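As the structure is a prediction and not an experimental result, all values here were calculated from the model.
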Amino acid sequence: FVNDTFSIPIDQNGLLDDENTTFVDGYLISTNSSSFFGGNCDVTRLWENNNLIQANYYAQNNNNCSVRKVLREYNENLNPIRFYWNDWHIWFGTVIELTGVFGKESKNLLSKSTTLYDDDNDNSIDREEIYNHYYQLDEDGYPSVINIITTYSNSMIERSVTYQLTYTN
């Protein structure tokens, strides 16, 4: 992507302006595979107490979708990073996320995320991945270290990744 430009349609509220994406009160509720960042699945999201607690990924006329349900749990620490969804990894999309185009973030820091996969789309759980999040907070309550430990039900592999963060004004 060297020297490439990228533009995102934005509405008057600073959110992604896309007829295939639904926001309610600034929270991202649903996207479909035709949306600007749709991917291979249609997705519905459930929010409770200003925290994203569940995302359902399902195939709607698309055989490339990895059907799954993601259940999220939170700790008592507030999420001080505006628009940061504290997902299972940090990647180039995180930069786009931090602009606010995907709407409001969860109120608290994520402690655990469980992804339940239905690989053969028969309404049964075929495998699961569990992401446990651990934080070291600085004196202002911002995460300075995020450690994510992932376990997989279909293997003996455990993966750990640690992010060290610094903040500037």
Side-chain angles (χ1 to χ4, degrees), residues 1 4-62 64-117 129-135 137 140-148 150 161 163-169:
F1 296 120
D4 284 347
T5 59
F6 187 74
S7 63
I8 301 170
I10 305 293
D11 69 11
Q12 70 277 6
N13 298 313
L15 301 173
L16 178 64
D17 189 8
D18 181 355
E19 66 182 22
N20 298 300
T21 303
T22 304
F23 293 93
V24 174
D25 295 327
Y27 291 98
L28 181 59
I29 302 299
S30 66
T31 53
N32 66 40
S33 57
S34 298
S35 69
F36 194 76
F37 290 108
N40 293 326
C41 300
D42 291 354
V43 185
T44 58
R45 294 168 181 84
L46 178 62
W47 295 80
E48 184 176 281
N49 297 322
N50 300 321
N51 286 313
L52 176 62
I53 61 166
Q54 185 172 319
N56 299 300
Y57 295 76
Y58 55 96
Q60 185 78 13
N61 303 321
N62 187 338
N64 294 322
C65 175
S66 178
V67 176
R68 63 197 180 277
K69 178 185 294 187
V70 180
L71 305 172
R72 296 165 62 103
E73 300 172 28
Y74 296 85
N75 65 36
E76 70 283 349
N77 295 311
L78 293 178
N79 177 7
I81 307 171
R82 190 159 190 227
F83 304 123
Y84 176 54
W85 284 44
N86 58 76
D87 211 348
W88 63 277
H89 70 295
I90 297 174
W91 60 301
F92 86 92
T94 304
V95 174
I96 297 169
E97 170 188 306
L98 290 172
T99 67
V101 298
F102 298 133
K104 295 179 181 176
E105 71 283 358
S106 290
K107 178 179 77 174
N108 297 89
L109 290 175
L110 186 64
S111 62
K112 181 180 181 181
S113 178
T114 303
T115 303
L116 307 170
Y117 289 91
E129 297 172 358
I130 298 174
Y131 304 88
N132 288 296
H133 295 244
Y134 303 95
Y135 304 90
L137 305 178
D140 296 320
Y142 284 82
S144 57
V145 176
I146 302 173
N147 181 254
I148 303 170
T150 307
V161 61
Y163 299 101
Q164 294 190 339
L165 308 172
T166 56
Y167 303 90
T168 59
N169 292 337

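- Val70 has its side chain within reach of Ser113: a pair of non-hydrogen atoms, C-beta onward, lies under 4.5 Å apart.
- How far CG of Asp42 is from OG of Ser33: 4.5 Å, rounded to the nearest 0.5 Å.
- Under the rule for a side chain to side chain contact (heavy atoms under 4.5 Å, CB included), the partners of Leu116 that lie at least two apart in sequence or sit in another chain are Leu71, Thr114, Ile125, Glu128.
- No more than 12 heavy-atom neighbours from other residues, nucleotides or ligands sit within 6.0 angstrom of OH on Tyr142.
- Scanning for side chain to side chain donor-acceptor pair (under 3.5 Å) contacts around Gln54 gives Asn56, with sequence neighbours left out.
- Among residues two or more places apart in sequence or in another chain, the side chain to side chain donor-acceptor pair (under 3.5 Å) test is passed with Ser66 by none.
- Minimum heavy-atom separation, Arg45 to Ala55: CG-CB, 4.2 Å.
- Among the candidates Leu28, Leu15, Ile10, the single residue satisfying the side-chain contact (heavy atoms from CB on, under 4.5 Å) test with Val101 is Ile10.
- With hydrogens and angles ignored, the 3.5 Å screen pairs no side-chain donor or acceptor of Ser35 with any backbone N or O of Thr21.
- Applying the ring-ring contact (aromatic ring centres under 6.0 Å, His included) rule to Tyr27 yields the partners Trp47; only residues at least two apart in sequence or on another chain are considered.
- A side-chain donor-acceptor contact under 3.5 Å links Lys104 to the backbone of Asp25.
- Residues Lys112 and Leu110 share a closest heavy-atom pair of O-CD1, 3.6 Å.
- A distance of 10.5 Å separates CD in Glu73 from NE2 in His133, rounded to the nearest 0.5 Å.
- Of all heavy-atom pairs spanning Val67 and Tyr58, the tightest one is CG2-CA, 4.4 Å.
- A donor-acceptor contact under 3.5 angstrom links the side chains of Asn20 and Asn32, judged on distance only.
- Shown here for Phe23 and Leu16, the closest heavy-atom pair between the two residues is CE1-O, 3.6 Å.
- Residues that satisfy the side chain to side chain contact (heavy atoms under 4.5 Å, CB included) test with Leu137, not counting sequence neighbours, are Asn77, Leu109, Tyr135, Pro143.
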Kindly determine whether Asn79 and Asn108 satisfy side-chain hydrogen bond (donor to acceptor under 3.5 Å, both in side chains), including the steps that lead there. CA-CA 5 Å; Asn79 177 7; Asn108 297 89; over 6 Å; no

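- Nearest heavy atoms, Lys107 versus Asn51: N-OD1, 2.9 Å.
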Step by step, work out the side chain to side chain contact (heavy atoms under 4.5 Å, CB included) result for Tyr131 and Thr115. CA-CA 8 Å; Tyr131 304 88; Thr115 303; 3.9 Å; yes

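- Remark: Tyr134 engages no residue in a ring-ring contact (aromatic ring centres under 6.0 Å, His included) (not counting sequence neighbours).
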